[in-house]
Protein chains: 2
Amino acid sequence: MAGIKDVARQAGVSVGTVSNVINRPEAVLPDTRARVLAAIEELGYVRSESARQLRAGRSRIMALLVLDMGNPFFVDVARGAERAAREAGLGVMVCNSGQSPEEEAEYLGLFAEQRVCGVLVTPADATGGNLEAFARHRIPYVLVDRVAATTDTCAVSVDDVRGGTLAVGHLVSAGHRSVAYVSGPGDLHQIRDRRQGALAALAEAGLGPEALVEIPSDRLDVAAGRDAGARLLGLVPRPTAVFCANDLLALGVLQSLYAAGVRVPQDIAIVGYDDIEFAAAAAVPLTSVRQPAVVMGRMAAELLLEEADDADGGHRHRSVVLQPELVVRASSAAPR
Amino acid sequence: MAGIKDVARQAGVSVGTVSNVINRPEAVLPDTRARVLAAIEELGYVRSESARQLRAGRSRIMALLVLDMGNPFFVDVARGAERAAREAGLGVMVCNSGQSPEEEAEYLGLFAEQRVCGVLVTPADATGGNLEAFARHRIPYVLVDRVAATTDTCAVSVDDVRGGTLAVGHLVSAGHRSVAYVSGPGDLHQIRDRRQGALAALAEAGLGPEALVEIPSDRLDVAAGRDAGARLLGLVPRPTAVFCANDLLALGVLQSLYAAGVRVPQDIAIVGYDDIEFAAAAAVPLTSVRQPAVVMGRMAAELLLEEADDADGGHRHRSVVLQPELVVRASSAAPR
DNA sequence: CCCACCGATTGAATTGTTTCAATCCGCTCG
DNA sequence: CGAGCGGATTGAAACAATTCAATCGGTGGG
């Protein structure tokens with residue numbers, strides 16, 4: 001494959017001039033430039049990103065590590081991040097940790113080797129150990145969908161406690177007195193915060209924590225939701241409402257209930273979380289807590305760019321907390 | 001950031017030895033190795049991928065360029081490809097062309113600069129011009145979800161003509177005599193093949209092409225489906241069935257009909273395509289043509305690896321065609 | 001007459017790793 | 001005693017770009 005030297009020889013100039021044609025065209029005489037461009041075209045020359053990275057010290061790629069790209073919520077986050085990155089001339093490398101701290105560590109290692117210019121990460125490791133280790137490499141990173149534990153990190157999150165309160169508050173004000181919470185991996189902050197918000201809503205209505213019946217789940221997908229739905233049906237007494245930690249679970253629960261002939265919302269009301277596009281198209285359109293996913297992705301990328309561009313340590317870490325919004329649809333209503 | 005030279009100095013050995021410790025540990029005496037590893041740990045050394053790429057001539061990254069990651073079908077393709085790639089120790093860089101030939105060209109250029117070891121691509125450019133230009137770089141690529149136009153490319157596809165026949169054959173045998181086809185960008189092969197299959201099914205039942213009423217659409221997402229649904233409602237006479245080019249469109253159409261009080265399947269039957277996870281969870285569970293997306297992604301990646309690993313030109317290009325499968329659910333039934 | 005400066009171009013240094021031929025050391029065999 | 005050998009280690013070349021100080025001939029001012 002042709003290199004810059006071949007182009008220089010072909011055009012009868014030095015490699016430095018070829019480099020200038022590519023990077024600072026205005027600094028080269030028009031006819032020299034034309035000659036070089038012709039040589040580039042003729043040889044099919046493409047500059048090597050690895051060589052320029054080597055010199056620059058870091059790549060022009062931003063990494064995004066999410067829990068699961070099978071969840072449309074994260075696809076939206078990625079969309080927002082990608083748009084911001086491309087505006088800055090950067091590529092985005094999207095990876096799934098699958099909620100596994102080990103996979104997360106592996107990917108972070110990969111990012112360090114790649115010398116990515118920064119990492120957007122939805123942490124899968126509750127201890128924060130992975131990121132603590134990663135910080136050593138002095139590659140900037142921004143937490144996504146997670147509040148910053150310390151002040152030495154930027155973060156963009158959505159107020160999950162408030163989201164939980166919105167969801168369960170809505171159910172309680174519709175008359176429900178016992179609510180199931182289909183949760184997810186207990187070490188995810190999002191899950192815990194949403195539960196806490198749910199408990200707060202119950203407390204405000206004078207109900208104790210026993211009014212929230214937890215149905216644990218180790219994954220956050222539709223299949224896990226079907227599973228949880230089956231377990232929900234077996235509960236005695238059966239709660240009159242379900243709050244699901246995300247929409248995928250809610251869709252799975254809905255399918256389960258539907259298959260068992262349980263009517264939604266007459267017999268059981270359902271509220272999901274994320275308001276993914278498919279929530280509105282569900283068997284019974286799903287009440288859900290909407291998160292500004294695209295905005296979150298974009299803001300996270302912008303914070304990262306700010307931190308990465310700031311060579312002199314003038315950067316001040318910031319935490320942005322966005323607000324969720326309840327979208328009421330047919331799946332929630334008064335009990336019986 | 002510490003480099004291999006710093007490690008060598010710290011451990012009192014040469015850079016070559018450090019390289020050996022990392023890449024061929026058995027070739028270094030245990031205590032030397034221990035000393036080097038200690039130095040690596042102490043300095044927090046991480047080898048630079050760009051430097052090793054520079055030497056190797058190509059990167060350890062496989063690119064995947066799909067039409068739209070917002071479509072769960074492509075997420076599944078990506079999953080399959082990623083699994084195969086990781087087994088081979090490669091990373092995957094996933095990008096969306098958004099069905100735009102310009103974006104496709106831009107990304108292909110990026111991949112050439114990155115010297116990726118190969119590209120999996122769902123072509124957005126019907127002319128094939130982008131890939132023809134790309135072939136010049138001698139970077140192997142495999143067509144995904146598209147039959148190869150020539151024999152100098154590997155390809156993995158699903159028989160879309162057969163898929164269209166399955167879908168519309170099912171509708172016809174249920175008694176429908178007029179079927180709407182909610183299509184997509186006309187320059188996508190998938191769309192055209194599915195239409196052709198639909199026409200074949202109609203012909204087999206003695207119906208002419210006028211029995212297929214096309215409702216064009218320039219995108220393939222839920223919003224475009226809602227749009228198409230609205231147009232469907234305005235048709236006189238109104239077809240009794242709709243075949244949608246993919247499930248996102250079908251879900252959108254379903255929402256539209258639902259909102260207008262049209263009953264599915266009693267008033268209009270719907271058949272989608274892809275059988276994404278959300279099809280089964282829709283307002284009316286969606287009949288759909290299932291594609292083996294994960295398998296397709298995996299096979300494509302494996303073909304690519306085979307081609308990339310093959311230094312001497314012994315590689316023979318292959319085209320794999322997978323078979324789709326009709327999954328009948330509530331959204332399709334006999335008319336009136 | 002000399003020097004500073006002009007814009008364009010050059011040549012060399014630099015980046016971090018891998019690889020390979022050369023070297024070194026201790027050992028054995030002739 | 002010296003040659004030969006094998007394993008461990010070294011040192012330098014190579015990779016492909018960027019960048020920067022040096023250089024070119026020509027010009028105008030002091």
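A note on names: the letters A, B, ... follow the listed sequences, proteins ahead of strands, and every chain is numbered from 1.
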**Study point:** Touch class at under 4.0 angstrom, heavy-atom based, for B/V21 against every strand present
**Key:**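 Touches nothing.
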
Check your understanding: Which is true for B/V7 with a 4.0 Å heavy-atom rule: it touches a base, it touches only sugar-phosphate, or it touches nothing?
Key ->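 Answer is nothing: B/V7 stays at 4.0 Å or more from every strand.
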
Practice item. Using the ring of B/Y45 (Phe, Tyr or Trp, six-membered ring only), decide whether B/R9 places NZ or CZ under 6.0 Å from its centre and within 45 degrees of its axis. Key: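 No.
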
Practice item. Identify whether NZ of Lys or CZ of Arg in A/R86 sits under 6.0 Å from the centre of the six-membered ring of B/Y107 and within 45° of that ring's axis. Key: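 Geometry flag: set, cation within 6.0 Å and 45°.
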
Provide, to the nearest angstrom, the distance between the [atom1] atom belonging to [X] and the [atom2] atom belonging to [N].
X     : N      : atom1 : atom2 : result
A/Q53 : D/dA17 : CD    : P     : 13 Å
B/N23 : D/dT9  : CG    : P     : 15 Å
A/D6  : D/dC15 : CG    : P     : 10 Å
A/I22 : D/dA16 : CD1   : P     : 14 Å

Review point. A/D125: what forms a salt bridge (charged side-chain N to carboxylate O under 4.0 Å, His left out) with it, not counting sequence neighbours?
Key: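 Checked A/D125 against salt bridge (charged side-chain N to carboxylate O under 4.0 Å, His left out); zero matches.
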
Contacts of type side chain to side chain contact (heavy atoms under 4.5 Å, CB included), residue [X], not counting sequence neighbours:
X      : value
A/P185 : A/Q99, A/D187, A/L188, A/L220
B/P72  : A/F278, B/L248, B/I276, B/F278
B/A2   : B/D6, B/L43

Review point. Short question: side chain of A/D76, backbone of A/A293 - any donor-acceptor pair under 3.5 Å?
Key: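 Here the side-chain-to-backbone pair does not exist.
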
Exercise for review: Determine yes or no for a side-chain-to-main-chain donor-acceptor pair under 3.5 angstrom, with A/E104 supplying the side chain and A/A124 the backbone.
Suggested key: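 Here the side-chain-to-backbone pair exists.
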
Practice item. Could you identify which residues of residues 10-20 of chain B place a heavy atom less than 4.0 Å from some atom of DNA chain C, listed by residue number, or say none? Key: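 Here the set is B/G16, B/S19.
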
Practice item. Could you identify which residues of residues 25-40 of chain A place a heavy atom less than 4.0 Å from some atom of DNA chain C, listed by residue number, or say none? Key: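 Here the set is A/V28, A/L29, A/T32.
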
Exercise for review: State whether B/R55 places a side-chain N or O below 4.0 Å from either non-bridging phosphate oxygen (OP1 or OP2) of D/dA14.
Suggested key: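 So the side chain of B/R55 is outside the cut-off, no N or O lying under 4.0 Å from OP1 or OP2 of D/dA14.
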
Exercise for review: Among residues two or more places apart or on two chains, list those pairs meeting salt bridge (Lys or Arg N to Asp or Glu O under 4.0 Å) that have a residue in residues 11-37 of chain B.
Suggested key: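 Qualifying pairs, neighbours excluded: none.
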
Check your understanding: Crowded around B/E87 CD? As in, over 12 foreign heavy atoms under 6.0 Å?
Key ->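 Atom CD in B/E87 is packed in, count exceeds 12.
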
Exercise for review: Examine the base of D/dA17 for any acceptor or donor lying under 3.5 Å from a partner atom in the side chain of A/R47, and report the outcome as yes or no.
Suggested key: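 Checked by distance alone, the answer is no.
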
Review point. Tell me the side-chain hydrogen bond (donor to acceptor under 3.5 Å, both in side chains) pairs involving residues 109-124 of chain A, sequence neighbours left out?
Key: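 Sorted pair list: A/E113-B/R47.
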
Could you list the donor-acceptor pairs under 3.5 angstrom formed by side chains in residues 52-65 of chain A, with sequence neighbours left out?
| from | atom 1 | to | atom 2 | distance (Å) |
| --- | --- | --- | --- | --- |
| A/R58 | NH2 | A/A308 | O | 3.1 |
| A/S59 | OG | A/I61 | N | 3.2 |
| A/R60 | NH2 | A/G89 | O | 3.3 |

**Study point:** Contacts of A/H189 that satisfy ring-ring contact (aromatic ring centres under 6.0 Å, His included) - sequence neighbours left out
**Key:**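 Counting only residues at least two positions away or on another chain, A/H189 forms no ring-ring contact (aromatic ring centres under 6.0 Å, His included).
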
Point to revise | Boundaries of the DNA chain C segment in contact with chain A, non-hydrogen, under 4.0 Å | key: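 From 5' to 3', the first and last contacting nucleotides are C/dA8 to C/dG16.
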
Review point. Considering the terminal five base pairs at each end of the helix from C/dC1-D/dG30 to C/dG30-D/dC1, what angle separates the two local helix axes, rounded to 10°?
Key: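 End-to-end axis angle for the helix from C/dC1-D/dG30 to C/dG30-D/dC1: 80°, rounded to 10°.
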
